[in-house]
There are 2 protein chains.
Amino acid sequence: MARKQGSHAGVTGPKVRAAALRLIARYGYAAVSMRQIAAAVGVQAGALYNYTPDKQSLLFDLMHSHMVALLDALDGANLQGSPLQQLEQFTRFHIRFHLPRADDVFVSYMELRNLSEQNFAKIEALRHAYEDRLEAILKAGQDTGDFAVPDTRITTMALIAMLTGLEKWYRSDGRLGVAEIEGMYWDLVRKAVAA
Amino acid sequence: MARKQGSHAGVTGPKVRAAALRLIARYGYAAVSMRQIAAAVGVQAGALYNYTPDKQSLLFDLMHSHMVALLDALDGANLQGSPLQQLEQFTRFHIRFHLPRADDVFVSYMELRNLSEQNFAKIEALRHAYEDRLEAILKAGQDTGDFAVPDTRITTMALIAMLTGLEKWYRSDGRLGVAEIEGMYWDLVRKAVAA
DNA sequence: GTCTATAGCGGGATAGAC
DNA sequence: GTCTATCCCGCTATAGAC
């Protein structure tokens, strides 16, 4: 509470990010203007530049935060046990982490084209690191004979695409709860890689 | 050959569509200008309006053509045999149809947000029809006991997401040929739905 | 069917007052 | 930290000559 009275620091910044995330997820980065974001926050367009040097940096920050949060959460999940157990933990973690973050997922997977070359490389590296976690589990299970997949890299991409595709149709007010969804997807994953 | 000499009709139109498809796939609908498309074709921007009433219609035509071609090709594939055989045929058909059409796939799956409400509804109906073909196979196999999936609708979405995700990483000059890819994905699909 | 020219609008980003 | 005002640019779409 030592913050200066009347200052909006620490309040407007997150609001800008939240508004940008929501608008970009809905309409796309190129289609959303700084004026629209400002209006959603309740400020004039010029004020946004107190929080981001430019529009491109704003997009990058959103995507970077999402990927870092994803990797941190995966570290925190502390997967352990047999390859089969770790694969189940990974599957459930992936669904639980992504389902409540539909906007982040849409932005992070659909706006890659709109990143500058350097920003793209950074995001891709993080995404690759995440994929590698899954592939390591598949490789371990392949070695122990628990799994029998045609190719660990291709299976990694196939499983992540399958799990992430969930975002496209899942509605939290639908007929199925998260726990049921998790169970069904785990069932598909488990059988697909089974020896 | 009765076409008037000096007329570009029948030539420029397809060029416009091809250039628009390529540019939109790469940079996104909102980020591509009519001037860019015109430059790629080799005409001035105003000339494009001889081939489309506006930019939105151009996008819709690209997506609509793709979906109609997909459904027509599926009809032409004439799937038959047991549910297991039909599922294999569908899986291989899906991969063979989509792999050489990366631009169409990107546009059709990433530009839905940029369609007008009415155009969106038409494309969604076509996409739904395609999904229904796969779900019908799963239901049939569920009835005969060949398959044991948790939910035919969810499995449909999961399998299509998995198969379409192939577009994101496949490179025709990579280490794997189409036949090998088909085999690996069919392996994953077959096991995932197995009883 | 294509061109040039332009209307009319909205974009990102900055300057300087408060 | 936010405002107003503005610069400069590019956009879609149209008009009218050829």
Side-chain angles (χ1 to χ4, degrees), chain A residues 1-21 23-24 26-63 107 111 113-119, chain B residues 1-21 23-24 26-63 107 111 113-119:
Chain A
M1 296 303 141
R3 198 177 294 285
K4 286 193 199 117
Q5 292 171 2
S7 169
H8 292 166
V11 176
T12 306
K15 272 179 156 182
V16 169
R17 293 165 52 83
L21 181 68
L23 287 168
I24 293 173
R26 186 159 311 186
Y27 303 109
Y29 172 78
V32 171
S33 70
M34 294 298 271
R35 285 173 171 84
Q36 274 180 273
I37 296 170
V41 173
V43 297
Q44 293 300 313
L48 296 181
Y49 292 86
N50 289 314
Y51 302 97
T52 181
D54 50 37
K55 194 186 176 190
Q56 165 73 205
S57 302
L58 183 53
L59 175 63
F60 174 72
D61 282 349
L62 294 175
M63 296 175 70
V107 170
E111 302 298 349
R113 289 181 301 190
N114 290 305
L115 288 173
S116 70
E117 201 172 336
Q118 291 172 7
N119 286 340
Chain B
M1 298 302 148
R3 198 177 294 284
K4 285 192 198 119
Q5 293 171 4
S7 167
H8 292 167
V11 175
T12 306
K15 272 179 155 182
V16 169
R17 294 166 51 85
L21 180 68
L23 288 169
I24 293 173
R26 185 159 313 186
Y27 303 108
Y29 172 78
V32 171
S33 70
M34 295 298 270
R35 283 175 170 85
Q36 276 178 275
I37 297 170
V41 174
V43 297
Q44 293 300 313
L48 297 180
Y49 293 86
N50 289 315
Y51 302 97
T52 180
D54 50 38
K55 195 185 176 190
Q56 165 72 207
S57 301
L58 183 53
L59 175 64
F60 174 71
D61 282 348
L62 294 175
M63 297 175 71
V107 170
E111 302 298 349
R113 289 181 301 190
N114 290 305
L115 288 174
S116 69
E117 201 172 337
Q118 292 173 6
N119 286 340

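Just so we're on the same page: letters track the sequence lines, and every chain starts at 1.
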- L48(A) CG to dA13(C) P, in whole Å, measures 10 Å
- Query: Quick one: on DNA chain D, does A47(A) or K55(B) contact a more 5' nucleotide (nearest heavy atom)?
  - Reply: A47(A)
- Message: On the side chain of R35(B), is there an atom forming a donor-acceptor pair with the base of dG10(D) - under 3.5 Å, no angle test?
- Response: no
- Rounded to whole angstrom units, what separation is found between the OH atom of Y49(A) and the P atom of dT6(D)? 19 Å
- Would you mind reading off the distance between K15(B) atom NZ and dT2(C) atom C1', rounded to a whole angstrom? 13 Å
- Task: With DNA chain C as reference, determine whether P53(A) or S33(A) sits nearer its 5' end, using the nearest nucleotide of each.
- Result: S33(A)
- Below 4.0 Å: OP1/OP2 of dC11(D) and any side-chain N or O of Y29(B): no
- Task: Would you tell me if any nitrogen or oxygen in the side chain of T12(B) comes within less than 4.0 Å of OP1 or OP2 on dG1(C)?
- Result: no
- Integer-rounded Å distance: dG10(D) P and M34(B) CE: 18 Å
- Item | Atom pair distance, as rounded to whole Å: CD1 in I37(A) and C1' in dG11(C) | 12 Å
- Message: What's V41(B) touching, base or sugar-phosphate or nothing? Going by heavy atoms closer than 4.0 Å.
- Response: nothing
- So do the side chains of R17(A) and T12(A) get within less than 4.5 Å of each other, counting heavy atoms only? no
- So which heavy atom on K55(B) is nearest to which on V32(B), and how close? NZ-O, 2.8 Å
- How far apart are the closest heavy atoms of Y27(B) and N114(A), and which atoms are they? O-OD1, 4.0 Å
- Measure across K15(B) and V41(B) and return the closest heavy-atom pair with its distance rounded to 0.1 Å. O-CG2, 3.7 Å
